[in-house]
Each structure stands twice: as C-alpha cells, then as structure tokens.
Asker: 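One structure, pasted below without further comment.
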Amino acid sequence: MIVNTFPSNDIAIVNAVKDRKIICAFHDIDGTHSLIRNWPPVMSRVLYDTAVNGIPDDLTSEDNINRLVSLCGVEDLEETDRFCIESAGLSALTQMEWAIRRNMEMTNGKFDSETNSEIIKLIWAGEEKFEKFDEPDEYLDYLSKVTPKLFWVYEQVLNRFCRDNNLKKAKENPEEFLIPGSKEFMRYLHDNGIKNYFVTGAVVDKSIEPPMGMYEEVLGLGFEIGEGKEVENIYGSTWEEKIPKEEVMKRLVKELGISGENVLVVGDGRSEITAGVSLGAVTLSILPKEAKRQRELHTELGTNMIICDYTSEDLKKIIK
C-alpha cells in the first residue's frame with residue numbers, strides 16, 4: 001500500500017511524507033484501539049501513593065489493594081496525573097520505577113542522589129534504559145526486587161477498578177470498547193496486504209491457557225491473532241523484563257527483514273511515536289481533539305498525522 005499525504009479536514013497533517021510503500025503496521029493497543037483499560041486514574045493513584053508513602057510492608061496484601069481501589073479517581077493528583085499523560089506508552093515497569101525513585105527524592109531516602117534525580121528527569125523525557133549510570137548495586141537490587149511487585153499491585157488494582165468488568169462487557173458488545181472505526185481500519189489494512197502487529201507496554205504471556213491479560217483483551221474485542229490473520233502477532237513486556245517499545249519495534253523490523261521506512265506506526269503514546277520516528281516509519285497519532293497537551297507533545301515528537309478516530313474516509317485516500 002502507498003502512503004500519500006494531502007490536505008484533509010479530518011486528519012491533521014503535522015509532517016507530510018513522500019509517497020512510500022507500507023508493508024507492515026505496528027499498533028499500540030490501549031487508547032489506540034482498545035478502551036477496556038481506563039488506566040490513568042489507577043496509575044496515577046498507585047504512583048502517587050508510592051511517591052508519597054514509599055513501599056509498605058503490606059504492599060501486595062488484599063487490604064492494601066482494596067485500599068488503593070477505593071481511592072482511584074476520587075481526587076486530582078497534579079503531578080502523577082500529568083506524569084500519566086507524559087509517560088503514556090512507556091513500559092509500566094518504567095512508570096513504577098519512576099514512583100519509587102520519586103519517593104527516594106522526596107524523602108531524602110537512603111539512595112537519594114543527583115543520579116537518581118537525573119534519571120527521574122530522563123523518564124519524564126521518555127527514556128527507559130539507564131545502564132550508563134553508576135548507581136549502588138544495593139539500590140539496583142532493591143529496584144529490581146520491588147518494581148515488579150508494584151507492577152503486580154497496579155495490575156490487581158486496575159483489574160478490580162475497571163478492567164475485569166469492562167472486559168466482560170466487551171465480550172458481549174466489543175464496539176462499546178473500541179475506538180470508532182478500529183476493526184474496519186485493521187481489516188482494511190489486512191485486506192490490502194499490510195501485516196498488522198500489536199505492540200504494548202503491558203505484559204503479554206502467550207503461554208497461559210486460557211489467555212490472560214492484554215492477550216485476553218485483544219481476543220475479547222474480536223481480533224483474530226495468528227499468521228495470515230488480521231493481527232499477525234502481539235508483543236509486550238514480561239513481569240520482570242522492561243522492554244521499551246522502540247526496542248521491540250527494532251527487533252521486529254530486523255526479524256521481518258524490512259526497512260523502517262516501510263512501516264506504519266499507530267499509537268496514542270509518546271514511546272511508540274518516538275520509536276516510529278526513530279525508525280523512519282510513517283507515524284499516525286490517534287488523539288481526541290480535547291487532548292491538547294498530548295497533541296502538542298506528539299507534534300514535538302515529529303509525528304506525521306493526528307486523527308481522532310478511524311472513521312474518516314480520507315484515511316483510505318492517504319493509505320491506498
């Protein structure tokens with residue numbers, strides 16, 4: 001298929017691209033196609049609680065999880081609400097790490113340092129790997145031990161707050177939890193020879209039967225996954241390993257033996273758009289008109305186009 005940008009009332013052409021052939025499309029899931037996970041109020045509360053109070057002894061207890069569920073969405077949390085906007089698309093493990101490091105910084109904890117504060121700033125800027133910094137082994141061991149536990153707690157809170165109930169509803173009425181035009185757009189790409197891949201910062205475990213987590217959600221929305229189907233495969237993180245989307249996409253491009261210039265990247269988070277720009281791909285940001293900060297951010301990142309949903313007929317004229 002060929003991408004060819006031209007003036008459109010429904011599509012904001014931020015950085016026009018020359019005609020090029022598209023072979024594959026890499027899609028984010030949450031907020032890009034799926035509305036099952038209303039994650040921002042949950043993420044904001046868990047991060048806020050961690051940044052202010054640290055890691056409690058009863059972190060993974062039922063009482064602590066239920067306490068966090070009861071607090072989700074009840075008040076504005078300025079810093080962490082903003083962080084959720086800025087960090088959308090980063091690995092959840094990176095987001096958890098930010099909160100732990102922020103607590104160290106706020107409380108002048110044992111491992112507070114200029115390096116810790118510098119890494120906090122880099123996470124705000126969208127970075128996820130920090131091997132170049134020299135930090136105490138004791139602190140790195142602490143982070144590697146506690147971050148997955150906090151991630152697990154976040155997932156439990158999310159499940160109870162909205163995810164499980166929304167997934168149940170989605171299996172009965174998928175359209176209610178899909179970005180308008182999502183399935184039609186994916187099918188249009190597939191029918192015209194483009195191979196679609198889902199790439200997420202959430203955990204994807206294909207070994208569990210029946211499927212759980214993000215894999216279960218994608219199936220629950222009615223997407224078929226498998227070689228030759230409308231979605232070829234889905235890639236994500238594990239509970240322990242932080243795999244930035246840029247790394248996932250670079251691995252995928254290499255595995256497929258294609259050039260980044262022949263990829264379409266679709267997403268609502270900074271990480272997938274940054275990765276797409278880095279690869280030289282065509283980038284399509286999906287953001288509501290009222291999401292002014294996100295639209296500013298994606299423009300700064302160098303996205304090619306911004307749309308509200310997939311219903312515009314101009315999409316088929318641009319990607320034809």
Side-chain angles (χ1 to χ4, degrees), residues 5 7-16 25-45 72-73 76-78 80-90 92 95 124 126 158 161-163 166-167 169-170 173-186 188-189 196 198-202 214 217-218 221 223 245 264-277 282-319:
T5 52
S8 169
N9 292 326
D10 301 320
I11 303 172
I13 308 297
V14 181
N15 293 289
F26 301 163
H27 305 255
D28 174 54
I29 303 173
D30 273 335
T32 299
H33 289 281
S34 173
L35 298 174
I36 288 176
R37 296 187 174 209
N38 182 23
W39 65 268
V42 178
M43 177 75 75
S44 185
R45 170 51 66 180
C72 289
D76 292 334
L77 302 169
E78 183 178 354
T80 50
D81 285 351
R82 184 164 58 89
F83 179 74
C84 287
I85 292 173
E86 299 284 335
S87 68
L90 297 184
Q95 294 166 315
W124 272 104
L158 179 67
F161 181 71
C162 63
R163 183 267 185 188
N166 286 349
L167 176 58
K169 292 179 180 177
N173 181 20
E175 292 301 323
E176 182 181 351
F177 294 93
L178 282 165
I179 297 292
S182 166
K183 290 293 291 294
E184 292 76 11
F185 180 62
M186 294 288 281
Y188 173 74
L189 296 178
N196 294 305
F198 276 141
V199 178
T200 175
M214 185 61 74
E217 293 165 35
V218 169
L221 288 168
F223 288 104
K245 285 182 183 173
L264 171 68
V265 174
V266 187
D268 71 324
R270 71 178 302 152
S271 61
E272 58 264 23
I273 298 303
T274 299
V277 172
V282 177
T283 50
L284 178 62
S285 299
I286 178 155
L287 299 164
K289 288 185 178 179
E290 62 270 18
K292 293 183 180 179
R293 174 53 191 149
Q294 290 98 317
R295 283 177 168 245
E296 289 175 358
L297 179 60
H298 282 230
T299 299
E300 293 167 6
L301 294 173
T303 194
N304 295 119
M305 297 168 280
I306 303 177
I307 59 174
C308 295
D309 57 37
Y310 304 100
T311 58
S312 173
E313 285 299 314
D314 285 346
L315 263 182
K316 295 180 181 179
K317 297 175 183 176
I318 290 175
I319 305 172

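Quick caveat, the model's predicted, so the values are computed rather than measured.
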Asker: Considering non-hydrogen atoms only, spot the tightest contact between C308 and K289 and give its length.
Answerer: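 Smallest heavy-atom distance, with atoms named: SG-CG, 3.4 Å.
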
Asker: Test side chain to side chain contact (heavy atoms under 4.5 Å, CB included) on K169 and F177 and set out the steps.
Answerer: CA-CA 8 Å; K169 292 179 180 177; F177 294 93; 3.5 Å; yes

Asker: Just so I know, are the side chains of I306 and T299 near enough to count as touching, which here means a heavy-atom distance under 4.5 Å?
Answerer: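 The answer is yes, as the side chains (C-beta and beyond) meet within the 4.5 Å cut-off.
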
Asker: Testing the basics here: between S44 and T80, what is the closest heavy-atom pair and its distance to 0.1 Å?
Answerer: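 Minimum heavy-atom contact is OG-OG1, 2.8 Å.
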
Asker: So which heavy atom on I286 is nearest to which on I179, and how close?
Answerer: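 That closest heavy-atom pairing would be CD1-CG2, 3.4 Å.
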
Asker: What distance do I307 atom CD1 and S312 atom OG have between them, rounded to the nearest 0.5 Å?
Answerer: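 If we round to the nearest 0.5 Å, I307:CD1 and S312:OG are 8.0 Å apart.
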
Asker: Taking it one step at a time, do I13 and I318 satisfy side chain to side chain contact (heavy atoms under 4.5 Å, CB included)?
Answerer: CA-CA 11 Å; I13 308 297; I318 290 175; 4.2 Å; yes

Asker: Would you confirm whether Y188, through its side chain, and I319, through its main-chain N or O, come within 3.5 Å as a donor-acceptor pair?
Answerer: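 Indeed, once roles are kept as given, a pair shorter than 3.5 Å links the two residues.
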
Asker: Please identify each residue that fulfils side-chain contact (heavy atoms from CB on, under 4.5 Å) with K292, with sequence neighbours left out.
Answerer: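 K292 satisfies side-chain contact (heavy atoms from CB on, under 4.5 Å) with no other residue.
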
Asker: Please round to the nearest 0.5 Å and tell me the distance separating atom OG of S285 and atom CZ of R270.
Answerer: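 Going from the OG atom of S285 to the CZ atom of R270 covers 12.0 Å.
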
Asker: Name all residues meeting the side-chain contact (heavy atoms from CB on, under 4.5 Å) criterion together with Q294; count only those two or more places apart in sequence or in a different chain, and write none if there are none.
Answerer: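 Result, side-chain contact (heavy atoms from CB on, under 4.5 Å) vs Q294: I85, L287, A291.
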
Asker: Quick check: closest heavy atoms across C84 and P40, and the distance to 0.1 Å?
Answerer: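 Here C84 and P40 meet closest at SG-O, 3.8 Å.
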
Asker: Count the heavy atoms of every other residue, nucleotide or ligand shown that sit under 6.0 Å from CD of E300, and state whether that count exceeds 12.
Answerer: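 Enclosed: over 12 neighbouring heavy atoms sit under 6.0 Å from CD of E300.
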
Asker: Just verifying a value: how many Å separate D76 CG and R82 CZ, rounded to the nearest 0.5 Å?
Answerer: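 Rounded to the nearest 0.5 Å, the CG-CZ separation comes out at 13.5 Å.
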
Asker: Rounded to the nearest 0.5 Å, what separates atom CG in N38 from atom CG in N166?
Answerer: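 Taking CG in N38 and CG in N166, the distance rounds to 7.5 Å.
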
Asker: Pair T303, V277 - check side chain to side chain contact (heavy atoms under 4.5 Å, CB included), show working.
Answerer: CA-CA 7 Å; T303 194; V277 172; 5.7 Å; no

Asker: What I'd like to find out is whether the side chain of M305 reaches to under 4.5 Å of the side chain of V282, using heavy atoms alone.
Answerer: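 M305 vs V282: side chains touch.
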
Asker: State, yes or no, whether a side-chain contact exists between F185 and K316 at a heavy-atom distance under 4.5 Å.
Answerer: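 Contact flag for F185/K316 side chains = no.
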
Asker: Kindly compute the distance separating CG (L221) from CD (E175), expressed to the nearest 0.5 Å.
Answerer: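 Rounded to the nearest 0.5 Å, the CG-CD separation comes out at 9.5 Å.
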
Asker: Mind checking whether W124 and E86 have side chains closer than 4.5 Å, heavy atoms only?
Answerer: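 Yes, side chains in contact.
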
Asker: Quick check for you: to the nearest 0.5 Å, what is the distance between S34 atom OG and D28 atom CG?
Answerer: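 It comes to 9.5 Å.
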
Asker: ring-ring contact (aromatic ring centres under 6.0 Å, His included) with H33: which residues, sequence neighbours excluded?
Answerer: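 Applying ring-ring contact (aromatic ring centres under 6.0 Å, His included) to H33 gives H27, F198, Y310.
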
Asker: Hey, mind stepping through D30 and M214 against side chain to side chain contact (heavy atoms under 4.5 Å, CB included) and telling me if it holds?
Answerer: CA-CA 9 Å; D30 273 335; M214 185 61 74; 3.5 Å; yes

Asker: Going by the rule side-chain contact (heavy atoms from CB on, under 4.5 Å), which residues pair with C72 if we only count those two or more places apart in sequence or in a different chain?
Answerer: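 Once residues adjacent in sequence are excluded, the partners of C72 under the side-chain contact (heavy atoms from CB on, under 4.5 Å) criterion are V42, R45, V157, F161.
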
Asker: Taking all atoms of both residues into account, what is the closest heavy-atom pair of A170 and I36, and its distance?
Answerer: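 Closest heavy-atom pair between A170 and I36: CB-CD1, 3.9 Å.
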
Asker: With sequence neighbours left out, what residues match S87 under side-chain contact (heavy atoms from CB on, under 4.5 Å)?
Answerer: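 By the side-chain contact (heavy atoms from CB on, under 4.5 Å) rule, S87 matches F83, L90, Q95.
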
Asker: What are the two closest heavy atoms between H298 and G267, and how far apart are they?
Answerer: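 H298 and G267 have their closest heavy atoms at CE1-O, 4.2 Å.
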
Asker: Hey, which of D268, L284, L301 is the one that makes side chain to side chain contact (heavy atoms under 4.5 Å, CB included) with I273?
Answerer: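 The single option meeting the side chain to side chain contact (heavy atoms under 4.5 Å, CB included) with I273 is L301.
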
Asker: For the side chain of R295 and the backbone of P288, is there at least one donor-acceptor N/O pair under 3.5 Å apart?
Answerer: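 Pair found, side chain donor or acceptor close to backbone of P288.
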
Asker: Under the 3.5 angstrom rule, does the side chain of N304 hit a backbone N or O of A16 as a donor-acceptor pair?
Answerer: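 Side chain of N304 to backbone of A16: no pair is present.
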
Asker: Apply side-chain hydrogen bond (donor to acceptor under 3.5 Å, both in side chains) to E217 and list each qualifying residue two or more places apart in sequence or on a separate chain.
Answerer: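 Checked E217 against side-chain hydrogen bond (donor to acceptor under 3.5 Å, both in side chains); matches are R37, R163.
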
